[in-house]
Amino acid sequence: MARHLITSALPYINGIKHLGNMVGSMLPADVYSRYLRQRGHDVLYICATDEHGTPAELAAKEAGLSVAEFCAQAHDAQKAVYDGFALAFDYFGRSSSAQNVEITQHFARRLNENGFIEERAIRQVYSPVDGRFLPDRYVEGTCPHCGYDKARGDQCENCTRVLDPTDLINPRSAISGSTELEVRETKHLFLLQSKLQHEVEEWVARHEADWPQLASSIARKWLTEGLHDRAITRDLDWGVPVPADTWPELAAEGKVFYVWFDAPIEYIGATKEWSDADPENRDWKSWWYEADESVRYTEFMAKDNVPFHTVMFPATQLGVREPWKKVDYVKAFNWLTYYGGKFSTSQKRGVFTDQALDVLPADYWRYFLIANAPESDDSSFTWEHFTATVNKDLADTLGNFVNRVLSFSRKRFGDAVPEGGVPGEAEARLGEEIARLLAEYETQMEALQFRKAAAALRALWSAGNSYLEEKAPWLQIKTDQEAAALTLRTAMNLIHLYAVVSEPLIPSSARAMREAFTLPDDTATWITQEEARALTGVPAGTPFTVPPVLFAKLTEDDLAAYKERFGGVTE
């Protein structure tokens, strides 16, 4: 079987993420990883918190903590939420790790040796009161375009215009509030992307036909506009230090690498963190170094991260002149909006992942988000849509099927799968339909078409309900107990099949369905086409229990409560 390396965009450290962040990276990566593992592939799913950059320092200052303390606490808080969503990372690391420092500095040295890094003097805002140069986000002031008085030196969040710190009216330090700012000359390292333009174009051209149109069009747009040399160092107290053995003057000044230089390298760094925890059994280099032929690498991210992963990081990797594994497939997502408006971490708009788990268990959210993933276009979260989806697909189609089959069988036949009856035409038709729908589900999962995969899974669930309505065991029991036993036994086999194949989307509910049957030799990781046609994996006489209700139906009162708590519209 193939070896699959999977990464999802690193969640930034400053706060718990919203549902849009979850569906745009980590959740689909988890669903795909789970599916591949079930099909027998060797899978390594890596993620980490992105801990460097100005926002981390500002968030730590606001919290009254050192940056190291803040990042450690925030990492644990985020990991707890992702555990709550049942994200099955093989490793969830930290970009502030020693491993990432080591590999980032190695990349920088190699780029420098190959002539792709240059030291340049630039003019930058300096705060005498703070005794330091101020990166863009450390300068605040009034936006010259809309008058917003909390605009940052890189962008106005109110009107979204891109800014330079010198554009701001009445600029002030975000650290001390001082308005005594100066513009001074300082030196920084620049990655000479312009020298790598042609190589990046050739590399993208070899891959873009296989990528989703969203990913390839964004990469092509950046390349058409031309790659510009980019400063890759900053004046911050927290980050990967510029190595003193190569740039002693800049190291003495405390320069660190720009977060977008070291963050993608953390995919490699986190893999080394994973490997270093068990070096006798794990080899990080086998996944990343000279691994082009042996590993398929898939990245998951929202569209705003695409340029960095399809252009900037590949340029870095190409410039190193070493055989580091580059991405094979970029799964890019559009935005999930909240009633048509943007989710916003800073403005606390929308549903955040910790709040979601406080409202309902993870499987409700996992299914809804995948079934409505913003793949071809932006999609909108509304409480009305969420409630309707939960009730129709989860509570009525799947949950009600499981409950009524097992409850009715226990009531009429006891706590073991009933015996009797010989499969006939209806069962043969059902088997063919299940095999066809399972093949469709597999096709869409392998194509990373998540909405279509969820639709195929929903169709599998619906087929069971159609069969049950056609056979009507509640009527059969009155005249032909063996016919009713056959119908219920077939339906129980469907439940077991649903348990196996639904696991990528709803792992907790899948486990509850599977554990309803006492099958000591149940080692199935997937269902073959032949097994789907036969539907005999749970034989007569198998003991079973009726699990608690899998999915509660949401009421109008629930809907009203959700909208009151979170708001039904955005401003």
Side-chain angles (χ1 to χ4, degrees), residues 4-12 17-33 35-36 45 47 50 160 162 193 197 200-227 260 263-264 267 296-317 326-338 340-344 350 366 368-381 385 443-456 504-505:
H4 286 267
L5 174 64
I6 296 172
T7 63
S8 52
L10 309 185
Y12 199 68
K17 304 302 136 189
H18 53 66
L19 292 181
N21 183 280
M22 175 67 71
V23 73
S25 56
M26 290 173 285
L27 179 57
D30 177 73
V31 169
Y32 187 55
S33 299
Y35 170 77
L36 290 175
Y45 176 22
C47 193
D50 181 2
T160 72
V162 175
Q193 294 185 135
Q197 166 103 23
V200 176
E201 284 181 328
E202 287 185 341
W203 179 80
V204 169
R206 293 197 300 270
H207 293 82
E208 63 181 334
D210 298 327
W211 295 347
Q213 193 272 336
L214 177 62
S216 58
S217 63
I218 291 173
R220 184 53 57 190
K221 179 176 183 291
W222 266 46
L223 289 168
T224 300
E225 292 174 355
L227 298 188
W260 264 115
Y267 297 131
R296 178 165 175 81
Y297 178 20
T298 306
E299 291 178 341
F300 290 79
M301 69 198 67
K303 57 187 175 184
D304 57 331
N305 284 327
V306 168
F308 301 99
H309 290 78
T310 59
V311 175
M312 185 173 175
F313 186 44
T316 297
Q317 290 179 296
K326 300 171 193 68
V327 65
D328 294 300
Y329 191 84
V330 178
K331 177 61 178 179
F333 291 85
N334 287 284
W335 302 126
L336 177 70
T337 65
Y338 186 72
K342 278 188 176 182
F343 281 83
S344 172
R366 288 177 63 102
F368 174 83
L369 292 171
I370 291 298
N372 297 280
E375 291 175 293
S376 59
D377 206 345
D378 292 350
S379 61
S380 179
F381 177 91
H385 187 201
T443 296
Q444 300 302 341
M445 287 290 276
E446 286 160 13
L448 287 86
Q449 293 295 316
F450 291 99
R451 292 180 75 142
K452 291 179 180 179
L505 274 72

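Side chains included, hydrogens not; waters and symmetry mates left out as well; all remaining heavy atoms used. If you're wondering where the values come from, they're calculated on a predicted model, not measured in any experiment. Positions are given from 1 along the sequence.
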- Measure the acute angle between the ring planes of H207 and W203, then classify it against the limits of 30° and 60° as parallel, tilted or perpendicular. tilted
- Quick one: pull up OG in S379 and CG in N372 and give me the separation to the nearest 0.5 Å. 6.0 Å
- Query: Sequence neighbours excluded, which residues qualify as salt bridge (charged side-chain N to carboxylate O under 4.0 Å, His left out) partners of E202?
  - Reply: none
- Message: I need the minimum non-hydrogen distance between C47 and A9, along with the two atoms involved.
- Response: SG-O, 4.0 Å
- Message: Check for me whether K331 meets the cation-pi criterion with F333, that is, NZ or CZ under 6.0 Å from the six-membered ring centre and within 45 degrees of the ring axis.
- Response: yes
- Task: Calculate, to the nearest 0.5 Å, the distance between atoms CZ and CG belonging to F450 and L369 respectively.
- Result: 12.5 Å
- Message: Check whether W335 reaches the backbone of D377 with its side chain - one donor and one acceptor, N or O, closer than 3.5 Å.
- Response: no
- Who are the side chain to side chain contact (heavy atoms under 4.5 Å, CB included) partners of A315, not counting sequence neighbours? L196, V200
- Note on the structure: residues 205-220 vs salt bridge (charged side-chain N to carboxylate O under 4.0 Å, His left out), sequence neighbours excluded, gives E208-R220
- Note on the structure: In short, L505 meets R366 closest at the heavy-atom pair O-NE, 2.9 Å
- Give a yes or no on whether the backbone of Y12 and the side-chain of K17 come within a donor-acceptor separation of less than 3.5 Å. yes
- Message: Tell me whether T7 contacts the main-chain N or O of Y267 through its side chain, where contact means a donor paired with an acceptor under 3.5 Å.
- Response: no
- Message: Does anything in residues 296-305 form a salt bridge (charged side-chain N to carboxylate O under 4.0 Å, His left out)? List the pairs, not counting sequence neighbours.
- Response: K303-D378
- Task: Report yes if some heavy atom in the side chain of V330 is under 4.5 Å from a heavy atom in the side chain of H309; otherwise report no.
- Result: no
- Note on the structure: Value for CH2 (W260) from OG1 (T316), rounded to nearest 0.5 Å, stands at 11.5 Å
- Those residues at least two apart in sequence (or on a different chain) that pass side-chain hydrogen bond (donor to acceptor under 3.5 Å, both in side chains) with S25 are none
- Task: Give, for atom OH of Y329 and atom NE2 of H4, the distance between the pair rounded to the nearest 0.5 Å.
- Result: 13.0 Å
- Item | side-chain contact (heavy atoms from CB on, under 4.5 Å) between Y32 and L36, intermediate numbers included | CA-CA 6 Å; Y32 187 55; L36 290 175; 3.5 Å; yes
- Message: Below 30° counts as parallel, above 60° as perpendicular, anything between as tilted: where do the rings of F308 and W222 land?
- Response: perpendicular
- Query: Within the side chain of D328, is there an N or O that forms a donor-acceptor pair under 3.5 Å with the backbone of T298?
  - Reply: no
- Item | Student check: side-chain heavy atoms of M26 and Y45 closer than 4.5 Å | yes
- Task: Quick one: pull up OG in S216 and CG in L223 and give me the separation to the nearest 0.5 Å.
- Result: 11.0 Å
- When every non-hydrogen atom of A29 is compared with those of F300, the smallest separation belongs to CB-CD1, 3.5 Å
- Contacts of A332 meeting side chain to side chain contact (heavy atoms under 4.5 Å, CB included) (sequence neighbours excluded), chain-then-number -> L214, A215, V306
- Query: Closest approach of S376 and N334, non-hydrogen atoms and distance?
  - Reply: C-ND2, 3.4 Å
- Write down the atom of E375, the atom of R451, and the distance for their closest heavy-atom approach. OE1-N, 3.0 Å
- Above 12 or not: heavy atoms from other molecules or residues under 6.0 Å from NZ of K326? yes
- If every non-hydrogen atom of A454 is compared with every non-hydrogen atom of I370, which pair is closest and at what distance? CB-CG2, 4.3 Å
- Message: Less than 3.5 Å apart, any donor N or O on the side chain of Q193 or Q197 sitting next to an acceptor on the other?
- Response: no
- Message: Counting the benzene-type ring for Trp, do F381 and F368 have ring centres under 6.0 Å apart?
- Response: yes
